[in-house]
Amino acid sequence: MLNEIEEFKAYTDKPAYKCSGKRDLSFLGCFSFEMIMGFIGLNRVLTIIARGYMFKNGAPDIDYARQALCAWCSIPDKKTAAPKEEWQFRTDFRELHGEFSELVDAKGQGWFYRHFHKIEKFITKNSDIMSKATLAKAEPLRKKFDDAWRDKVKQFQVSLYSPETKGAWVLRFDDVLADALELGPLTDKTVSFSEDEKERIQALLPDDLPYDVAETVIAYCIANKPADSDYVILPVSNFDAYFGNTSFSHKWLNLFPDTLLERDKQSFGVCRVRALI
């Protein structure tokens, strides 16, 4: 969450599917079931990807970054699908395989589409070491993911200037590219604390809030604080994925004392926070 370059690799390299027990969700990679089921937290994921490709050759290349997003999101057309008209949004971008072979294969299977189906196969193959909760979440996803993701990819392509209400509150490639252009190239934003600062943080923590969680969140706030505000948008859903479970959003975030972290109510997988250190 602090080293954006490594985070980019997590969204574009080949994942390692492994699991050491029922509580281990490492096979999800930098995603959680909640992110996959509700497509929340994808704003950060897509922005990291866009930044990685937009500034690949130095000067920003918005069209190249948009193509990368299309490739990553690609999902093959249904075998019974009718040919698309010029005005219709496409979801199969197999023609980008030559330029972005790491993001989409020759069959139009994008990185995220392939990742989900490899997760599905991994769970099925290793069902004996999966928790009941994992198996319960996987079953409805297996039936609904393709259609839901195909609709989502269409939404991503809605123009910022669309007069349709339907497109008013959805995440769009235009939003992602605008954010990527403003944020600039990916960087390593690792923050180090002095021993005195570590002691101050530790002294404020309740017993059930792990120190490493608190330090990571405070470091993120410091590293990402905008020049014109003391507040930072905290990508709660992405932190869940980073820590490998939903303890962060369901438990740990609520335990932060007001003397260490001011925060607004969480909504759509994010919340506004201010670090007080």
Show the numbers, then the answer: is there a side-chain contact (heavy atoms from CB on, under 4.5 Å) between Asp61 and Tyr53? CA-CA 8 Å; Asp61 189 334; Tyr53 285 94; over 6 Å; no

Evaluate the criterion side-chain contact (heavy atoms from CB on, under 4.5 Å) for residue pair Leu141 and Glu120; output intermediate values, then yes/no. CA-CA 9 Å; Leu141 273 174; Glu120 175 198 344; over 6 Å; no

Start with the C-alpha gap between Leu46 and Cys73, add the side-chain angles, then the distance that decides, and say whether side-chain contact (heavy atoms from CB on, under 4.5 Å) holds. CA-CA 9 Å; Leu46 294 176; Cys73 293; 4.0 Å; yes

Using the rule given for side-chain hydrogen bond (donor to acceptor under 3.5 Å, both in side chains), can you reason through Asn43 versus Thr47, listing the C-alpha separation, both sets of side-chain angles and the distance that settles it, and then say yes or no? CA-CA 6 Å; Asn43 192 337; Thr47 301; 3.3 Å; yes

Between His117 and Phe122, is the side-chain contact (heavy atoms from CB on, under 4.5 Å) condition met? List the steps. CA-CA 8 Å; His117 283 287; Phe122 182 84; over 6 Å; no

Please assess Asp196 against Ser194 for the test side-chain hydrogen bond (donor to acceptor under 3.5 Å, both in side chains), listing each intermediate value before the final yes or no. CA-CA 5 Å; Asp196 286 344; Ser194 67; 5.2 Å; no

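In this structure, the side chain of Ser127 does not engage the main chain of Ile123 through any donor-acceptor pair within 3.5 Å. Ser74 contributes a side-chain N or O that, together with a main-chain N or O of Phe93, makes up a donor-acceptor pair within less than 3.5 Å. In this structure, Arg23 contributes its side chain and Asn245 its backbone to no donor-acceptor pair below 3.5 Å. Side-chain atoms of Asp105 come within 3.5 Å of backbone atoms of Gly108 as a donor-acceptor pair (strictly under, hydrogens ignored). Side-chain atoms of Arg263 come within 3.5 Å of backbone atoms of Leu253 as a donor-acceptor pair (strictly under, hydrogens ignored). No donor-acceptor distance shorter than 3.5 angstrom exists from the side chain of Arg51 to the backbone of Ala180, with no hydrogens or angles considered. With Arg274 contributing its side chain and Cys221 its backbone, the two residues share no donor-acceptor pair below 3.5 Å.
When the shell of 6.0 Å around CG of Asp258 is examined, it contains 12 or fewer heavy atoms from other residues, nucleotides or ligands. By the neighbour-count criterion of 12 heavy atoms within 6.0 Å, atom CG of Asp207 is sparsely surrounded, having that number or fewer from other residues, nucleotides or ligands. More than 12 non-hydrogen atoms from other residues, nucleotides or ligands lie less than 6.0 angstrom from NZ of Lys198. Residue-environment remark: CZ (Phe145) exceeds the threshold of 12 foreign heavy atoms within 6.0 Å.
In this structure, Phe39 and Phe112 have perpendicular ring planes: the angle between them is above 60°, well past the 30° mark.
Ring to ring, Phe100 and Tyr64 are close: their centroids are under 6.0 angstrom apart. Aromatic rings from Phe27 and His115 are positioned such that their centres are separated by 6.0 Å or more. Between Phe239 and Tyr220, a ring centre-to-centre spacing shorter than 6.0 Å is recorded. In this structure, the ring of Tyr11 has its center less than 6.0 angstrom from the ring center of Phe31.
Closest of all the heavy-atom pairs between Gln157 and Phe89 is O-CE2, 3.3 Å. Across all their heavy atoms, Lys22 and Asp128 have their closest contact at CE-O, 4.3 Å. The two residues Arg172 and Gln155 make their nearest non-hydrogen contact at CG-O, 3.8 Å. Taking every heavy atom of both residues into account, Cys271 and Asp264 meet most closely at CB-O, 3.6 Å. Nearest heavy atoms, Val104 versus His97: O-ND1, 2.7 Å. Closest non-hydrogen pair, Asn238 versus Gly41, comes out as ND2-O, 3.0 Å.
Between Arg66 and Asp174 a salt bridge is recorded (basic side-chain N to carboxylate O distance below 4.0 Å). Glu34 has a carboxylate O that lies under 4.0 Å from a charged side-chain N of Lys137, or vice versa, which qualifies the two as a salt bridge. Taking 4.0 Å as the cut-off between side-chain N and carboxylate O, Lys225 and Asp230 count as a salt-bridged pair. Electrostatic pairing of Lys9 and Glu6 counts as a salt bridge here, judged by a charged N lying under 4.0 Å from a carboxylate O. By the 4.0 Å N-to-carboxylate-O rule, Lys144 lies too far from Asp151 to be salt-bridged with it.
Side chains of Arg142 and Thr124: a donor on one and an acceptor on the other come within 3.5 Å. Using modelled atom types and a 3.5 Å distance limit, the side chains of Asn224 and Lys189 yield a donor-acceptor pair. A side-chain N or O of Ser249 and one of Asp240 form a donor-acceptor pair less than 3.5 Å apart. Ser131 and Thr134 share a donor-acceptor pair across their side chains, judged by distance under 3.5 Å alone.
The hydrophobic cluster containing Val176 does not contain Val270, counting ILVMFWY residues as joined when their side-chain heavy atoms lie under 4.5 angstrom apart, directly or transitively.
Looking at heavy atoms from C-beta onward, Phe116 lies out of side-chain contact with Ile75 at the 4.5 angstrom threshold.
For the pair Arg272 and Tyr231, the cation-pi test (distance below 6.0 Å, angle within 45°) is passed.
Considering Phe156, Trp111, Phe173, Tyr113 in turn, Trp111 is the only one that fulfils the ring-ring contact (aromatic ring centres under 6.0 Å, His included) rule with Trp72.
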